Protein chains: 2
Amino acid sequence: MARDTRDRILDAASRLFSERGFDGTAVAEVLALAGVRSGSLYHFFAGKEALAEAVVARCADRLREALLDPAEAAASDPLERVFALVGLWRRGLENGAPGAADPTGLLAAELAARRPTIGRLAEGYGARLATRVRGWLDAAGPRLPAGTDRGELAGFVFTVLEGATMQSRAAGSVEPFDRAVGQLRLLFSLLEGAARAAPVPVTGKAEQPAATVRTDGDPAGWRAW
Amino acid sequence: MARDTRDRILDAASRLFSERGFDGTAVAEVLALAGVRSGSLYHFFAGKEALAEAVVARCADRLREALLDPAEAAASDPLERVFALVGLWRRGLENGAPGAADPTGLLAAELAARRPTIGRLAEGYGARLATRVRGWLDAAGPRLPAGTDRGELAGFVFTVLEGATMQSRAAGSVEPFDRAVGQLRLLFSLLEGAARAAPVPVTGKAEQPAATVRTDGDPAGWRAW
DNA sequence: CTCTTAGTTGAATATTCAATCAAATCTATA
DNA sequence: TATAGATTTGATTGAATATTCAACTAAGAG
């Protein structure tokens, strides 16, 4: 069945690309894992890069169904939904199951320069994930301080996921991932504490540290404080 | 001069590995950028992987001199030292200068499984960076809440750096990096606010949020759902 | 059943890759 | 200056790679 073959190839590629990266994965390995021959693979995909693009596109297509909706269904508390999503991601990291720990960021870092479509697809993935997370953060209402940029915070969750994923791959263990998640939890509990302690933003100007820093190009975000 | 040749090769490799990863960089490209021929490269390095290992080892050797000491010298405020380090890292990201935005994490993610020495070297790099950052956090004394795990927080800084770096490479822009740094700033300002607001740990029982909050990296909370 | 199209096989192909190696050149020392 | 060792050159090698392609098989429609 052709549908099945194509999916088997995508599953195999997704898994191997996650583990070894694009250039570190030979087409022959994808073939072996998928149990097909090269002619089949090239029947469905124009080339190796097209395969990677299809992997990223599929991750993006499945984002809602595989990650966002299950996370939302798993917790009624909007902030806990964020961590339900993190838990699903972690599962993918552990067992290479499709639908979580998607290699979009990794593939984009590798391929965006030579195949911009992949960069755009991955960007869309990140944006949609962050948009949903932002929705949860918005639903938290006054539990987060009024001055919180909830869109930026949602994007940060994704950045941490990507960084922690890479570190865990390097270490061959989920421990770095778990440690990063612990700090993300800290961030959220601090935000909740700040919202309870002060009805005005905790980051008012009067509290800006006075130290001088000699760095070029100050990050855009910090002048808000 | 042999010393010069070896360094030129390492500079070229470091730069190209950062941009393209290990497997995405051909030895021929390193040769062209370094301005040497293949015999020279293999005289100094047993193979491509040995070259990568030397790149990581050099990053680790230079960590203090290239990143940690300059960051420390750039600011007297211990917490601002963290952001001075971030600024130096960002410079490396922008112009590929050796000594910042080191590709240790990237190379470890790619190569640790097939060359464990690289994994260990990169781990050492991360640990030393986090140790120094932890020193700065310790020097901040009561500015951070008493319950803060400063070692975990220091490690988190590194995780964010790695994740943001990867995202910026995918985007071909430093913007994702700057946004992540803005959120890291938020985290620090929240910590300072919490320390001022409460002489007891923010995670004290009286102020415990409905969700269990741990600062020791234990992600157990989401399993409750 | 026949015909057409989709899907599969797997050997072959051209290219790229990391690495080798003999010879030449350079450097430092006596 | 001669010598030994270090360094460099660059053509070559063999393996690995992504991909092609002719032939075959499977599936569906009439």
Side-chain angles (χ1 to χ4, degrees), chain A residues 1-58 103 106-107 110-118, chain B residues 1-58 103 106-107 110-118:
Chain A
M1 179 64 68
R3 188 77 226 161
D4 184 50
T5 302
R6 191 176 189 276
D7 279 345
R8 281 193 350 259
I9 294 168
L10 286 170
D11 288 345
S14 186
R15 182 173 195 151
L16 291 167
F17 290 158
S18 293
E19 291 171 7
R20 306 198 184 135
F22 177 80
D23 291 312
T25 300
V27 169
E29 294 174 284
V30 177
L31 297 176
L33 185 60
V36 302
R37 300 294 190 268
S38 65
S40 282
L41 186 146
Y42 290 98
H43 172 80
F44 291 108
F45 307 102
K48 194 182 176 184
E49 287 185 8
L51 174 60
E53 185 173 313
V55 165
V56 174
R58 194 177 68 157
L106 184 64
L107 290 175
E110 260 187 288
L111 293 170
R114 49 179 141 157
R115 195 165 178 119
T117 309
I118 290 179
Chain B
M1 177 66 68
R3 188 79 227 160
D4 185 51
T5 301
R6 191 175 189 273
D7 280 346
R8 284 196 345 260
I9 293 168
L10 286 170
D11 288 345
S14 185
R15 183 173 191 148
L16 290 166
F17 290 158
S18 292
E19 290 171 8
R20 309 203 178 131
F22 178 80
D23 290 312
T25 300
V27 169
E29 293 175 282
V30 176
L31 297 176
L33 186 59
V36 301
R37 301 294 191 268
S38 65
S40 283
L41 188 147
Y42 289 99
H43 173 81
F44 293 108
F45 307 102
K48 193 182 177 185
E49 287 185 8
L51 173 60
E53 184 173 316
V55 164
V56 175
R58 194 177 69 158
L106 182 67
L107 289 175
E110 261 189 284
L111 293 170
R114 51 179 136 155
R115 194 163 178 122
T117 311
I118 290 180

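It should be emphasised that the depicted structure is a prediction, and the values quoted were computed from it without experimental measurement. To find a chain, count down the sequence lines: A is the first, B the second, and so on, and within it residues start at 1.
- Atom P of nucleotide D:dT17 and atom CZ of A:F22 are separated by 13 Å, given to the nearest angstrom.
- Atom P of nucleotide C:dA18 and atom CG of B:L111 are separated by 13 Å, given to the nearest angstrom.
- Look at A:D11 and A:R15 and you find no salt bridge, because none of the NZ, NE, NH1 or NH2 atoms lies under 4.0 Å from a carboxylate O.
- B:I9 has its CD1 atom 13 Å from the C1' atom of D:dT9, to the nearest Å.
- With contacts defined as side-chain heavy-atom distances shorter than 4.5 Å, the pair B:L51/B:L10 qualifies.
- Looking at the side chain of B:S38, the nearest of the listed nucleotides C:dT20, C:dA6, D:dT9 is C:dT20.
- One can place CZ of B:R6 at 12 Å from P of D:dT8, the figure rounded to the nearest angstrom.
- Separating the CZ atom of B:R37 from the P atom of C:dA19 is a distance of 19 Å, rounded to the nearest angstrom.
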- [ ] With side-chain contact (heavy atoms from CB on, under 4.5 Å) as the test, would you mind laying out the steps for A:V55 and A:R58 before giving the verdict?
- [x] CA-CA 5 Å; A:V55 165; A:R58 194 177 68 157; 5.9 Å; no
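- For B:T5, whose side chain is taken as the heavy atoms from C-beta onward, the closest listed nucleotide among D:dT8, C:dT8, C:dG10 is D:dT8.
- Each of A:T25 and B:L41 has a nearest nucleotide on DNA chain D; the 5'-most of these lies closest to B:L41.
- Per the geometry, CG belonging to B:D7 stands 13 Å off P belonging to D:dT7, to the nearest Å.
- Among the nucleotides D:dT8, D:dA18, C:dA18, the one closest to any side-chain atom of A:K48 is D:dA18.
- Whole-Å rounding puts the A:F44 CZ to D:dA18 P distance at 19 Å.
- Between B:R115 atom CZ and B:E53 atom CD the span is 4.5 Å, to the nearest 0.5 Å.
- One atom, NE2 of B:H43, and another, P of D:dA6, lie 7 Å apart when rounded to the nearest Å.
- Residue B:Y42 places none of its side-chain N or O atoms closer than 4.0 Å to OP1 or OP2 of C:dT20.
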